[in-house]
Amino acid sequence: MVEGGIKRAGSPDRAISPPPLRRKVESTVTKTSMASFFTPASQRKPEPITWRVLGTSLIVGKYIPEKNPQVLPEKNRKIAAFDLDSTVLKTLSGNVFPKSATDWQWWNAAVPRRLRELSSDGFQVVVFSNQKKISIQKDIKAGRSDSKSLSMFKEKLTAVMNQLEIPLSIYAATTDPEYRKPRLGMWREFQDDYDLDVAGIDLAGSFFVGDAAGRPGDHSAADRGFAANAKLAFKTPEEFFLGQAPVPVPGIFDPAVYTKSHPDDSPAVRFTRKHPLELVIFCGSPGSGKSTYFWNHLKPLGYERVNQDILKTRPKCLKVAREHLEAKQSVAVDNTNADPETRAAWTGLAKELNVPIRCVHFLSPPELCRHNDAVRAANKELNPESRKSLPGIAFGDFGRRFREPGLDEGFEDIIPVPFRFEGTEEERKVWGQYWI
């Protein structure tokens, strides 16, 4: 018996196993990478793909192929802009969201050919994509600055750019509303990156292609709104890549409708006082223009405002309103007052104090109210009370509870108020963009 490689006396002869061979480890360092390591930074060739991340809001990738870097005009540049998912790419698995960095394919076989043609024709090709599923981690405690979803996205887009082999930029907005389409944060960042805010863009010759067009079945109209905000011609992937005719989109919300002057329409409804002392309650969705209407029309007439966002509870609102009325000060109740049960508290107070009560009914449709809320939250100059954006449940709750006010509830009159934008020309330009 052999132990430890030593043959013991009296044991039969047996072959001694040779020591295990050490496997040669192949080096992953190539001659090229070694040469690059010892080359001064100033003499190295630039990487074809670069990535940068703005905070936790925006991912920017830039690809410049070594063989065909493309020389573009400094002024009046033509831009060919595209959405990413369901426009340039789709998942290989058929899932809505990719399962891995390799779970992708071209939206249609014509896509890579058309993109290469555009690049050859002198267009600067750029992708603008909303990517809310990407979580950009910058948590010091976690000890990492690159999330799995971000790494997967970068790996996938690197493969896409390497296949195309054309100059290409990608802007992907994650969570910050400022950058997400239809808002123009990504577009402004792109212009700034290439000094196009100074050199200028040939808007008439540029375009944007995206699938979020507000058609039946589309998840939104964000791409159509983004193109309108940037003043770019808009096409769907079916129209641009497949040559299909445009699909009519009836009833899509257009903020410009509310900013144009309409000579044949009645002017904005003005409020007039009927009694020296009266109680006026508003009825309308969040974002329907109630507070703006108060400041423009009732405050100048001396009405005191009661608002539950400020006072927090309805009993507190009723208490403050009672105090004003008993002091012979007319009151405007700037709340939603969606249903007869809520309004009954106010008609009851008016009856108890023997004060006439009137109702102002705001007729703004739901999509307009959401638009107003988004504009207000995103623009300080249009948000004097510094209100934050409301959750979707606030609009849904009003729609669920709403019952149209009637004279049989005890109102002296009900004043219907269709929405009309009121503001300066600069405010009109801001409000008239798409924000949701």
Side-chain angles (χ1 to χ4, degrees), residues 219-220 251-253 255 258 268-269 271 278-298 303-322 324-325 330-353 355-377 383 385-421 435-436:
H219 60 84
S220 75
I252 190 169
F253 173 71
Y258 297 91
V269 176
F271 183 88
E278 58 187 16
L279 174 61
V280 178
I281 74 166
F282 291 171
C283 174
S285 167
S288 60
K290 300 185 299 297
S291 296
T292 300
Y293 192 83
F294 169 81
W295 295 114
N296 289 346
H297 298 281
L298 281 83
Y303 288 77
E304 297 295 332
R305 179 179 180 233
V306 170
N307 177 262
Q308 193 163 319
D309 291 336
I310 297 172
L311 298 176
K312 304 306 180 184
T313 67
R314 191 185 308 158
K316 185 71 177 293
C317 290
L318 287 163
K319 177 178 180 294
V320 172
R322 175 188 291 274
H324 284 308
L325 292 170
S330 292
V331 171
V333 182
D334 180 9
N335 297 334
T336 60
N337 296 312
D339 51 66
E341 292 75 18
T342 302
R343 297 190 290 264
W346 296 108
T347 54
L349 177 64
K351 185 176 181 180
E352 178 187 343
L353 299 179
V355 174
I357 183 168
R358 307 167 66 192
C359 178
V360 180
H361 181 201
F362 294 84
L363 307 178
S364 306
E367 59 272 18
L368 173 60
C369 295
R370 290 184 173 89
H371 174 84
N372 277 335
D373 176 66
V375 176
R376 178 176 62 194
N383 191 7
E385 295 180 292
S386 301
R387 295 192 184 186
K388 295 181 179 180
S389 182
L390 294 170
I393 192 173
F395 302 97
D397 180 65
F398 176 84
R400 178 181 57 81
R401 295 189 301 112
F402 174 70
R403 299 293 183 273
E404 187 170 334
L407 293 175
D408 57 353
E409 295 180 45
F411 300 116
E412 181 176 291
D413 61 355
I414 298 173
I415 306 164
V417 178
F419 182 84
R420 290 288 184 274
F421 176 82
W435 290 90
I436 54 174

Report task. Would you give the length of the straight line joining atom CG of Asp413 to atom CZ of Arg358, rounded to the nearest 0.5 angstrom? Result -> 4.5 Å
Report task. Drop me the distance from Ile415's CD1 to His297's NE2, to the nearest 0.5 angstrom. Result -> 11.0 Å
Report task. Please lay out, stage by stage, how Glu278 and Ile357 fare under the test side-chain contact (heavy atoms from CB on, under 4.5 Å). Result -> CA-CA 6 Å; Glu278 58 187 16; Ile357 183 168; over 6 Å; no
**Report entry** SB check Arg401 Asp397 (cutoff 4.0 Å)
**Finding:** yes
Query raised in the report: Does the distance from a Lys or Arg side-chain N to an Asp or Glu carboxylate O, for Arg322 and Glu352, drop under 4.0 Å?
Result: yes
Report task. Indicate the atoms forming the closest heavy-atom contact of Pro286 with Leu390, along with that distance. Result -> CB-CD1, 3.5 Å
Query raised in the report: Roughly how far, to the nearest 0.5 Å, is CG of Leu325 from CG of Leu279?
Result: 5.5 Å
Report summary line: Minimal heavy-atom distance between Ile436 and Glu367, with the atoms involved, is CD1-O, 4.1 Å
Query raised in the report: Side chains of Phe411 and Trp346: does their closest heavy-atom pair fall under 4.5 Å?
Result: no
Query raised in the report: Would you say Ile393 has more than 12 foreign heavy atoms packed within less than 6.0 Å of its CD1?
Result: no
**Report entry** Tyr303 ring center within less than 6.0 Å of Phe271 ring center
**Finding:** yes
Query raised in the report: What distance separates Glu341 CD from Glu409 CD, expressed to the nearest 0.5 Å?
Result: 9.0 Å
Requested in this report: I would like to know whether Leu311 and Val320 meet side-chain contact (heavy atoms from CB on, under 4.5 Å); could you show each step before the answer?
Outcome: CA-CA 9 Å; Leu311 298 176; Val320 172; 3.9 Å; yes
**Report entry** Val280 side chain reached by Val360 side chain, heavy atoms, under 4.5 Å
**Finding:** yes
Query - For the student: nearest non-hydrogen atoms of Ser285 and Thr336, plus distance - result: C-CG2, 4.3 Å
**Report entry** Test applied, side chain to side chain donor-acceptor pair (under 3.5 Å); reference residue, Asp373; option that passes from His371, Arg376, Arg370
**Finding:** Arg376
Requested in this report: Check whether any side-chain heavy atom of Glu404 lies under 4.5 Å from a side-chain heavy atom of Cys283, and answer yes or no.
Outcome: no
Query raised in the report: Would you find a donor on one side and an acceptor on the other, under 3.5 Å apart, between the side chain of Thr292 and the backbone of Gly289?
Result: no
Query raised in the report: Closest approach of Ser364 and Phe419, non-hydrogen atoms and distance?
Result: OG-CB, 3.6 Å
**Report entry** Nearest heavy atoms of Gln308 and Asn335, plus distance in Å
**Finding:** N-OD1, 2.8 Å
Query raised in the report: When the ring centroid of Phe282 is compared with that of Phe362, is the distance short of 6.0 Å?
Result: yes
**Report entry** Distance (rounded to the nearest 0.5 Å) between Lys312 NZ and Cys317 SG
**Finding:** 10.5 Å
Query raised in the report: In terms of side-chain heavy atoms, does Asn383 have a donor or acceptor partner in Ser386 at a distance below 3.5 Å?
Result: no
Query raised in the report: If you take all heavy atoms of Glu412 and Pro356, which pair is closest and at what distance?
Result: OE1-CB, 3.8 Å
Query raised in the report: Asn307 versus Ile310: any side-chain heavy-atom pair under 4.5 Å?
Result: yes
Requested in this report: Starting from the C-alpha separation in whole Å, work towards a yes-or-no answer on side-chain contact (heavy atoms from CB on, under 4.5 Å) for Leu363 and Val417.
Outcome: CA-CA 6 Å; Leu363 307 178; Val417 178; 5.8 Å; no
Query raised in the report: Under 6.0 Å between ring centres, would you say that holds for Phe402 and His361?
Result: yes
Report task. Supply the atom-to-atom distance Leu349 CG to Leu318 CG, rounded to the nearest 0.5 angstrom. Result -> 6.0 Å
**Report entry** Arg305/Glu385 ion pair, N-O < 4.0 Å
**Finding:** yes
Query raised in the report: Could you go step by step and tell me if Tyr293 and Val269 meet the side-chain contact (heavy atoms from CB on, under 4.5 Å) rule?
Result: CA-CA 10 Å; Tyr293 192 83; Val269 176; 4.0 Å; yes
Query raised in the report: Under 3.5 Å, is there a donor-acceptor pair between the Thr342 and Asn337 side chains?
Result: no
